[in-house]
Amino acid sequence: MSDFPDDMPFFDEAPSPRATPARAPAQGGGIAARAMAARQGSAPDYLKGLNEEQRLAVETIDGPVLVLAGAGTGKTRVLTTRIAHILSLGRAFPSQILAVTFTNKAAREMKQRVGLLVGEAVEGMPWLGTFHSIGVKMLRRHAELAGLRSDFTILDTDDVIRLIKQLIQAEGLDDKRWPARQFAMMIDGWKNKGLGPSEIPEGDARAFANGKGRQLYQAYQDRLKTLNACDFGDLLCHPIRIFRGNPDVLKEYHKRFKYILVDEYQDTNTAQYMWLRLLAQETGAPGQKNVCCVGDDDQSIYGWRGAEVDNILRFDKDFPGAVVIRLERNYRSTAHILGAASHLIAHNEGRLGKTLFTEKVEDDDSRVNVHAAWDSEEEARAVGEEIETAQRKGHKLNDMAILVRASFQMREFEDRFVTLGLNYRVIGGPRFYERQEIRDAMAYFRVVAQPADDLAFERIVNVPKRGLGEAAVRQVHDTARALRIPMLEAASNLAESDELKPKPRAALREVAANFERWQKALDNTPHTELAETILEESGYTDMWKNDRSAEAPGRLENLKELIRSMEEYESLRSFLEHVALVMDSEKNEDLDAVNIMTLHSAKGLEFETVFLPGWEEGLFPHQRSLDEGGRSGLEEERRLAYVGVTRAKKNLHIWFVSNRRIHGLWQSTIPSRFLDELPEAHVEVAEAGNSYGGYGGGSFAGGRGGRQNPYGASRFDNVGQDSGSFSNTYATPGWQRAQANRNEATDRNWGSRSGHAVERIGYGETDSGYGAGRGSVKSRTIEGELVAKSVSDTPSPFKVGDRVFHQKFGNGNVSVVDGNKLTIDFDKAGQKRVLDGFVTGI
DNA sequence: CATCCATCCGGGGGG
DNA sequence: CGGATGGATG
């Protein structure tokens, strides 16, 4: 493995400026010309326009460097310019730079931007890609060292679950009691930590399948090997093991990569970290560690996926002598937005510490708007109105985004926008290649390209229906296992034997004959044509044509799209390779539409105007983050809030509602603690407008109950009483109504699962990192507040037939009592289910 | 093999 | 409450 076939020198000869014929320097066409300009003292133009810190980050190319790049500080620009700089100095060939990202999108963008800086030569950067695409590339080279052949297939999560299910059944275990999905997640978790079957903690091993966890994991790995397949985790774990067991192989890579760059370093998991450390031990020459990691600890939001913020926090210990460069000059947002973001994130403890600033301070910039709404419906209505108003003022819908914490929040906005006739797009829905029809089609192609791909075979052997029931498929399966041959071959054998009934036998014979024919056609038919033939002849397209469900036309359209996208690839095989790792649906930029997405998928994006709805305790921060993650869970939620706030360039609107329907029940909610953590100076509390008052503000204007907020003192508690210390915007009637409602909401929101009381943890303690004396959030104490009272063992004070009043729905009669859940026939609103705490007897 | 019903569960989702 | 899933049923 001493030579790398793709080692295509980017330059014709040695990478010295002299080697390339001189071009007109002013045109900025050639790298050589730029390099020459650099030598002559005047900075090459790609460095122009960088600020001091950015330039330092670009030019410090030797030795370990950590670039802490705050939101909107030009991170991608630094990365791409740094690559251009290395190339233009002639310090490395493009093929000697390892540049890793997390997503295909980021990789694509980086390729494109390097291309713009450097010329057409992006193809010369074979090692710019995602962790996984680079992992596959390495693994294909050394597959035999992992017990695989280099044409191994990559299984997606769906395949993995089906495979595990088979193994669980083969083990004689109850697959209901031990769900394959859950075990797949466990394996994923282990692989994120780089742990093989023999390395997993004893406790983990015992936790699943009556202590058979380890054995099952081992069986899974063995099965993958016989299938000549691997899962996503293996794409990194195998290379790690290969590097460790074969120092000569690792050495090849040490010699090869002169520079290593990593994007979004705060999102790396342990396996990625190990992989990186192995490679970064040496770059090019002994003792050289030219590794540059770029990231932002304040934007680490993937802990639940195995990311270790600790990796970035520890960088200078992993690489002694590392240069740490902070990018804090923000080019995206107004001073108000940055002020809000910085103040918010300062409440986190575990961070390296950065403060964003901007130089442009415009007088007419608006402050961050906080809005209260009665319920999520009104929230959607009001946001819709604001969007329409902005649109009338000439703003593009494309420049607006609604960023939600949980995807269920989207529906209400979609409904509203449909009624308004307002265009919207949802970003990050189900991914293209995860759709059923795409996976089915892919399974056909996989079997043709890789006859041993049993999982693919099993998936489509009876799709469309061919009368091959469970029994027939099992027989094929068993024969294949017994003879140690692929299922396709077994099917072909069985079709010739008389072990099956005539009907399945004929069906199998046809399937086997079809695949044989397609395989023969593989090398002498254009692959798109072959793909179409396969889908036609197999009856797959007909299946959807005959399906008169609403989705069928869309599915056919998707299949066409699949074939279209194949055209860009050389062969069926190269297409399959890419589709396993790449393939995402692209948004239609032509349409002017509001963007709706989760906060997670908003990372890296920016919009003129941003709406952040649902800032309520329990939803944001999400209760489960608090329950499972404690303090660090809360901090991750806060980082998520920070990500949301920093997406906005000019206008930011944060919303919270007083009532939200969770799991079908109306629950009263209280404003998110994150609202309290925003600095008053940059926030304005907006009057909620006419719709809010509609519920008779007078009805509870008198401060019902006057209950003390159990979560401790809040800025919101004192509105109207202590006007001196607060901006008078907090004294608006709408705010006070929200306030009154906030005090109403206490112990009965956000039920725990299965009716058990859940202790709220990770809240309060001290208000670390936040300047004392700011008063508003200082005095919280931990109280072990019970979030949810048990649902059914508290008898309800109401009985069937009682006449009651509900703040949202008005008067009604109780028709069913189920613990503290009431079904009420409201005079106006119809039948609803609500918790008894929200109604009063009349 | 298709359809119906019971049951479970509710968070973020790349490669 | 609503959807996704899986077993039972005609």
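Contact annotation for A:Asn462: backbone-only contact, meaning every heavy-atom pair under 4.0 Å involves sugar-phosphate atoms and none involves a base. Residue contacts shown for A:Glu264 are absent, as no nucleic acid heavy atom lies under 4.0 Å away. Nucleic acid contact for A:Gly428: none, since no nucleic acid atom lies under 4.0 Å from a heavy atom of the residue. Contact annotation for A:Leu236: no contact, since no heavy-atom pair falls under 4.0 Å across all strands. Residue-level contact check: A:Phe102 touches the backbone only, with heavy atoms under 4.0 Å from sugar-phosphate atoms and none from bases.
Rounded to whole Å, the separation between the C1' atoms of C:dC1 and B:dG12 comes to 22 Å.
The salt bridge (charged side-chain N to carboxylate O under 4.0 Å, His left out) search around A:Arg555 returns A:Glu437, A:Glu551, not counting sequence neighbours. Under the salt bridge (charged side-chain N to carboxylate O under 4.0 Å, His left out) criterion, A:Glu264 pairs with A:Lys75, A:Lys603, sequence neighbours left out. Evaluation of the salt bridge (charged side-chain N to carboxylate O under 4.0 Å, His left out) rule for A:Glu510 yields no partner, not counting sequence neighbours. Every salt bridge (charged side-chain N to carboxylate O under 4.0 Å, His left out) that A:Glu606 has, sequence neighbours left out, goes to A:Arg332, A:Lys649. Among residues two or more places apart in sequence or in another chain, the side-chain hydrogen bond (donor to acceptor under 3.5 Å, both in side chains) test is passed with A:Tyr540 by A:Asp440, A:Trp544.
Within the cation-pi definition used here (under 6.0 Å to the ring centroid, within 45° of the axis), A:Arg140 qualifies as a partner of A:Phe152.
If you find the closest nucleotide of DNA chain B to A:Gly664 and to A:Gly467, the one lying nearer the 5' end belongs to A:Gly467.
Among the nucleotides B:dC1, B:dG11, B:dG15, the one closest to any side-chain atom of A:Lys465 is B:dC1. The side chain of A:Asp188 approaches B:dG14 more closely than any other nucleotide in the set B:dG14, B:dG12, B:dG11.
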Could you go through nucleotides 7-10 of chain C and list every protein N or O atom that sits under 3.5 Å from one of its N or O atoms, giving the distance for each pair?
none

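The phosphate of B:dG10 (OP1 or OP2) has a side-chain N or O of A:Arg624 nearer than 4.0 angstrom. Distances shorter than 4.0 Å separate some side-chain N or O of A:Ser407 from OP1 or OP2 on B:dG12. Distances shorter than 4.0 Å separate none of the side-chain N or O atoms of A:Asn104 from OP1 or OP2 on B:dG14.
Here A:Asp188 does not pair with A:Lys191 in a salt bridge; the nearest charged N to carboxylate O distance is not below 4.0 Å.
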